[in-house]
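Structure record follows, encoded as structure tokens.
As the structure is a prediction and not an experimental result, all values here were calculated from the model.
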Amino acid sequence: MSKTLIRGAKVLGGEPQDVLIDGGIIAEVGTRLSAEGAEVVEAAGKVLLPGLVDLHTHLREPGREDSETVLTGTRAAASGGYTAVFAMANTFPVADTAGVVEQVYRLGQEHGYCDVQPIGAVTVGLEGRKLAELGAMHESAAGVTVFSDDGKCVDDAVIMRRALEYVKAFGGVVAQHAQEPRLTEGAQMNEGVVSAELGLGGWPAVAEESIIARDVLLAEHVGSRVHICHLSTAGSVEIVRWAKSRGIDVTAEVTPHHLLLTDELVRTYNPVYKVNPPLRTERDVLALREALADGTIDIVATDHAPHPHEDKDCEWAAAAMGMVGLETALSVVQETMVDTGLLTWAGVAERMSAKPAEIGQAKGHGRPVSAGEPANLTLVDTAYRGSVDPAGFASRSRNTPYEGRELPGRVTHTWLRGKATLVDGKLT
């Protein structure tokens, strides 16, 4: 059907309203709307949000299809309420040319579960020595605007400066993985009391904070935009807060797992908790929540990092770093930010849809739920509570830190330009 009537949904958590979708567009928002000729979705008690946008997703294709593919990753995204994701460049081959980013972009178009916007590498091969084809990737069919060597830090200050200068010409942004490599050699977890007791190599907060401090100053110097990936420490929050007060054009993201989990979990030696940057302390977690609430941290991004079973089911030191997150992100944000009173659902829409769409220039996404806007929407049963079962994930990988944990909220429906990609919790 070309028409869908969402009846009685709490738009952004507000008063119940009806939303009529017609031909991919929100035709009308109001009460007691006519349902003639429309498929009706009864949404009483549920919250309707604009489709979520993830600025930090690893889809692994090309090269690591054993972990994830564009198809399975976008199916996971639709299951989590996402209508657009930005695919990181650390694939094999690396997305450092127009050809590779166009391949990923077209795969997203073919599969149709959500829009896929490739992120281009900053440097050739993620090696940090020579700028990649930034202009060619921007001018390609993929229209790349975000560039990152995520997984590796652009640690050379001159290369970082040149990248910032280059993307300024077309309004792009460099997304930095803030990790000073010399300070994290052999690091296995957050440096602190727990690492000392366990005898694991420590990953100091200053390794992140020093890069952020350098890069916000570089961005100010050249008058460009910088985005900080997966910010994880209280000190990083203070640096970004200072930079914004100074008028520096910096944005920052936090992952759901850094809003909830702490380094105490590493005592289990379960590699599912091994991630980059590492889980930090309770003090850091609380600082991140406060910073997301007050806008110092702009967005939530999943850093969805799928790995096959054999890369996680091994001893801690040999395990890959990363967690899947697309299908649990909204539930974790509800638990840590909404149910605690730190954010309203309107605030969630801003940080998980509108602002990431703005940073990444994702056209048609992050728009208000109002007449005339694209019907990119997600419906959430916020009263639901249930334990996480990775066996039911749409992702090809199962490396979630929440297995067996009870989390609130469940995405029941997702619409991409009016077409249902998820209905009653099941992919279409």
Side-chain angles (χ1 to χ4, degrees), residues 53-64 67-68 70 73 77 84-97 100-101 104 116-129 131-134 137 142 144-156 159-160 163-164 167 172-181 184 187 203 207-208 211-212 214-215 219 225-233 236 250-258 274-278 297-307 320-326 329 356 359-360 397 399:
V53 177
D54 188 20
L55 201 65
H56 192 147
T57 303
H58 296 273
L59 295 181
R60 303 300 191 207
E61 190 175 10
R64 284 306 305 266
S67 304
E68 194 78 282
V70 174
V85 298
F86 283 72
M88 278 295 175
N90 57 342
T91 51
F92 299 96
V94 172
D96 57 5
T97 65
V100 179
V101 296
V104 174
V116 176
Q117 178 57 53
I119 291 177
V122 176
T123 66
V124 174
L126 308 180
E127 293 176 353
R129 293 195 291 268
L131 284 183
E133 301 174 2
L134 308 186
M137 287 187 280
V144 177
T145 59
V146 183
F147 299 87
S148 181
D149 277 2
D150 183 65
K152 294 183 179 180
C153 177
V154 182
D155 62 305
D156 186 311
I159 294 290
M160 186 64 179
L164 289 167
V167 301
V173 61
V174 178
Q176 176 67 292
H177 174 113
Q179 178 192 349
E180 215 301 318
T184 55
W203 190 306
E208 175 174 301
I211 295 294
I212 295 173
R214 183 201 74 179
D215 287 353
R225 291 200 300 148
V226 66
H227 176 75
I228 308 302
C229 296
H230 43 48
L231 185 150
S232 70
T233 78
S236 295
V250 57
T251 52
E253 71 190 34
V254 64
T255 71
H257 49 270
H258 285 113
K274 188 176 181 181
V275 66
N276 180 350
I297 296 175
D298 301 83
I299 68 170
V300 176
T302 69
D303 193 9
H304 175 80
H307 292 291
M321 295 182 180
M323 304 168 170
V324 292
L326 285 168
I359 294 169
S397 294
N399 51 306

Report, one line per pair, each donor and acceptor closer than 3.5 Å where one atom sits in a side chain of residues 118-128; sequence neighbours left out.
unit_1, atom_1, unit_2, atom_2, d
T123, OG1, E127, N, 3.3
T123, OG1, G128, N, 2.9
T123, OG1, D149, OD2, 2.6
E127, OE1, R129, NH2, 2.8

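Remark: T302 OG1 to H58 NE2 distance equals 8.0 Å, nearest 0.5 Å.
Under the side chain to side chain contact (heavy atoms under 4.5 Å, CB included) criterion, P277 pairs with E208, H230, S232, H258, R280, not counting sequence neighbours. Take E133 and apply the side chain to side chain contact (heavy atoms under 4.5 Å, CB included) test, not counting sequence neighbours, and it matches T97, A136. Checked against side chain to side chain contact (heavy atoms under 4.5 Å, CB included), A175 has the following partners two or more places apart in sequence or in another chain: V146, S148, H227, C229. Applying the ring-ring contact (aromatic ring centres under 6.0 Å, His included) rule to H304 yields no partners; only residues at least two apart in sequence or on another chain are considered. Partners of P93 according to the side chain to side chain contact (heavy atoms under 4.5 Å, CB included) rule, which considers only residues two or more places apart in sequence or in another chain, are P62, V100.
Across T57, L59, D150, a single residue satisfies side-chain contact (heavy atoms from CB on, under 4.5 Å) together with M88, and that is D150.
Counting only heavy atoms from C-beta outward, the side chains of Q117 and V85 never approach each other to under 4.5 Å. Between T255 and V300, the closest side-chain pair of non-hydrogen atoms is not below 4.5 Å. For the pair F86 and V53, the minimum side-chain heavy-atom distance is below 4.5 Å. Residues V104 and E61 fail the side-chain proximity criterion, which asks for heavy atoms closer than 4.5 Å. Proximity of N90 to K152: side-chain heavy atoms (C-beta onward) are nowhere separated by under 4.5 Å.
Using modelled atom types, one finds a donor on one side chain and an acceptor on the other under 3.5 Å when comparing H56 with E253. Side-chain N/O atoms of H257 and D303 include no donor and acceptor closer than 3.5 Å.
Here the side chain of T145 pairs no donor or acceptor atom with the backbone of G172 at under 3.5 angstrom. In this structure, D298 contributes its side chain and A252 its backbone to a donor-acceptor pair below 3.5 Å. Side-chain atoms of S397 come within 3.5 Å of backbone atoms of H307 as a donor-acceptor pair (strictly under, hydrogens ignored). Under the 3.5 Å distance criterion, the side-chain polar atoms of R60 are matched with a main-chain donor or acceptor of P306. Between the Q176 side chain and the V154 main chain, a donor and an acceptor come within less than 3.5 Å of each other. In this structure a side-chain-to-backbone donor-acceptor pair under 3.5 Å is missing from D155 to E180.
Scanning all heavy atoms of the two residues, the minimum distance from A187 to W203 falls at CB-CE3, 3.5 Å. Scanning both residues, S236 and I212, for their nearest heavy atoms gives OG-CD1, 3.4 Å. Considering every non-hydrogen atom in both P256 and A329, the closest pair reads CG-CB, 3.8 Å. Of all the heavy atoms in A219 and V226, the pair that sits closest is CB-CG1, 3.8 Å. Taking every heavy atom of both residues into account, H177 and G151 meet most closely at ND1-N, 3.2 Å. Considering all non-hydrogen atoms of both residues, V167 and V174 come closest at CG2-CG2, 4.0 Å.
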### Task
Go through T251 and I299 one step at a time and tell me if the side chain to side chain contact (heavy atoms under 4.5 Å, CB included) criterion holds.
CA-CA 8 Å; T251 52; I299 68 170; over 6 Å; no
